[in-house]
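Notes for the one structure printed next.
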Amino acid sequence: MLQRLGRTFKYYFLTLLRMQNSDHRIALGFAAGFFPCWFPTMGIDIIIAIALSRLVCGNLAAAVIAASAGSVLWPLLFYMNYKIGLFISKLFASAAPVSFRDVIHSPVPGRNYSVLADYLNKLGDLGVNFLIGSLVNSVVSIFVVYATFRFLLSRYRKPMLHKIKLGVKHRRKQCERSKSA
């Protein structure tokens, strides 16, 4: 199973290296493909990645590869969204937080709704933190992914293809030697 996944990854990696598109278009495809991975899109992230890639004239194959990688990384991305959102919320929080009890001056007699209200308040804060984190992470990741892949493709694309080509020739020679012996 792992060998099959490794061969599939190598195939798509080689396909990506051999594409005739410019480094700019391939890097745009990666950035557009990774953008929706920060949001809980429940399986339609590849469709959104293709649409975004077409919108910015990026490479579709690179967008699909990035969206697939983001689907595998979703638990890590989810955690990062929450932590970054929590950090930003604490950074911009007021000095004296207002509790729910301060808002409601006189509770209903005989009922204690404050526990439920505090729970719902914490749950709402969790969602707000996640949303803030996903917005910040997605915007930052566009620039980081684009710059990283643009640099890597412009610097290492030709040497890697040359090395792969030499490796294929070397393996063919070894096969011919083993057949003749």
Side-chain angles (χ1 to χ4, degrees), residues 1-93 122-168:
M1 177 77 176
L2 288 176
Q3 185 179 14
R4 184 177 174 193
L5 286 174
R7 284 182 24 207
T8 304
F9 174 75
K10 286 180 187 177
Y11 171 76
Y12 286 117
F13 181 71
L14 285 173
T15 304
L16 186 67
L17 288 177
R18 291 180 179 156
M19 287 182 183
Q20 297 299 320
N21 287 358
S22 67
D23 299 338
H24 169 71
R25 287 192 66 186
I26 294 173
L28 268 178
F30 265 104
F34 201 68
F35 177 80
C37 297
W38 293 99
F39 300 97
T41 54
M42 306 305 172
I44 61 168
D45 51 351
I46 292 179
I47 296 168
I48 296 171
I50 290 171
L52 286 174
S53 181
R54 292 194 60 111
L55 182 68
V56 297
C57 297
N59 186 289
L60 294 178
V64 170
I65 291 170
S68 299
S71 296
V72 172
L73 295 173
W74 170 243
L76 176 67
L77 300 178
F78 184 92
Y79 181 73
M80 287 176 59
N81 283 342
Y82 175 69
K83 284 299 186 180
I84 295 295
L86 184 65
F87 173 74
I88 291 174
S89 294
K90 285 183 179 179
L91 192 66
F92 292 108
K122 289 178 184 177
L123 193 61
D125 288 345
L126 177 91
V128 169
N129 292 339
F130 181 83
L131 180 65
I132 291 170
S134 60
L135 290 173
V136 169
N137 286 337
S138 61
V139 170
V140 169
S141 75
I142 287 174
F143 297 110
V144 170
V145 168
Y146 175 79
T148 302
F149 276 95
R150 179 82 189 256
F151 172 75
L152 290 175
L153 288 170
S154 66
R155 177 110 189 223
Y156 296 110
R157 187 177 187 184
K158 289 182 183 178
M160 287 177 74
L161 284 173
H162 182 68
K163 191 172 186 176
I164 291 168
K165 190 175 183 181
L166 289 177
V168 169

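These values consider heavy atoms only, across backbone and side chains, with no hydrogens, waters or symmetry-generated copies.
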**Asked** Parallel, tilted or perpendicular for Phe30 and Phe149, by the 30°/60° rule?
**Response** parallel
Inter-residue atom distance [X].[atom1] - [Y].[atom2], 0.5 Å rounding:
X      : Y      : atom1 : atom2 : value
Asp45  : Phe39  : CG    : CZ    : 12.0 Å
Asn137 : Trp38  : CG    : CH2   : 4.0 Å
Tyr82  : Phe87  : OH    : CZ    : 14.0 Å
Leu153 : Phe151 : CG    : CZ    : 11.0 Å
Leu28  : Ile142 : CG    : CD1   : 10.0 Å

**Asked** Would Leu77 and Phe34 count as a side chain to side chain contact (heavy atoms under 4.5 Å, CB included) if you check the C-alpha gap in whole Å, the side-chain angles of each, and the deciding distance to 0.1 Å?
**Response** CA-CA 11 Å; Leu77 300 178; Phe34 201 68; 4.1 Å; yes
**Prompt:** Backbone N or O of Leu131 within a donor-acceptor pair of the Ser134 side chain at under 3.5 Å?
**Reply:** yes
**Request:** State whether the side chain of Ser53 and the backbone N or O of Gly58 hold a donor-acceptor pair below 3.5 Å, judged by distance alone.
**Result:** yes
Identify the two heavy atoms, one from [X] and one from [Y], that lie closest to each other, and give their separation to 0.1 Å.
X     : Y      : answer
Ala32 : Val56  : CB-CG2, 4.2 Å
Ile88 : Val136 : CD1-CG2, 3.5 Å
Leu60 : Ile50  : CD2-O, 3.8 Å
Ile46 : Ser68  : CD1-OG, 4.0 Å
Ala66 : Gly33  : CB-C, 3.9 Å

**Message:** Counting C-beta onward and ignoring hydrogens, is there a side-chain heavy-atom pair between Pro40 and Phe78 closer than 4.5 Å?
**Reply:** no
**Fill in**
Applied to residues 20-42, the salt bridge (Lys or Arg N to Asp or Glu O under 4.0 Å) test, sequence neighbours excluded, yields Asp23-Arg157
**Message:** Between Leu73 and Cys37, is the side chain to side chain contact (heavy atoms under 4.5 Å, CB included) condition met? List the steps.
**Reply:** CA-CA 8 Å; Leu73 295 173; Cys37 297; over 6 Å; no
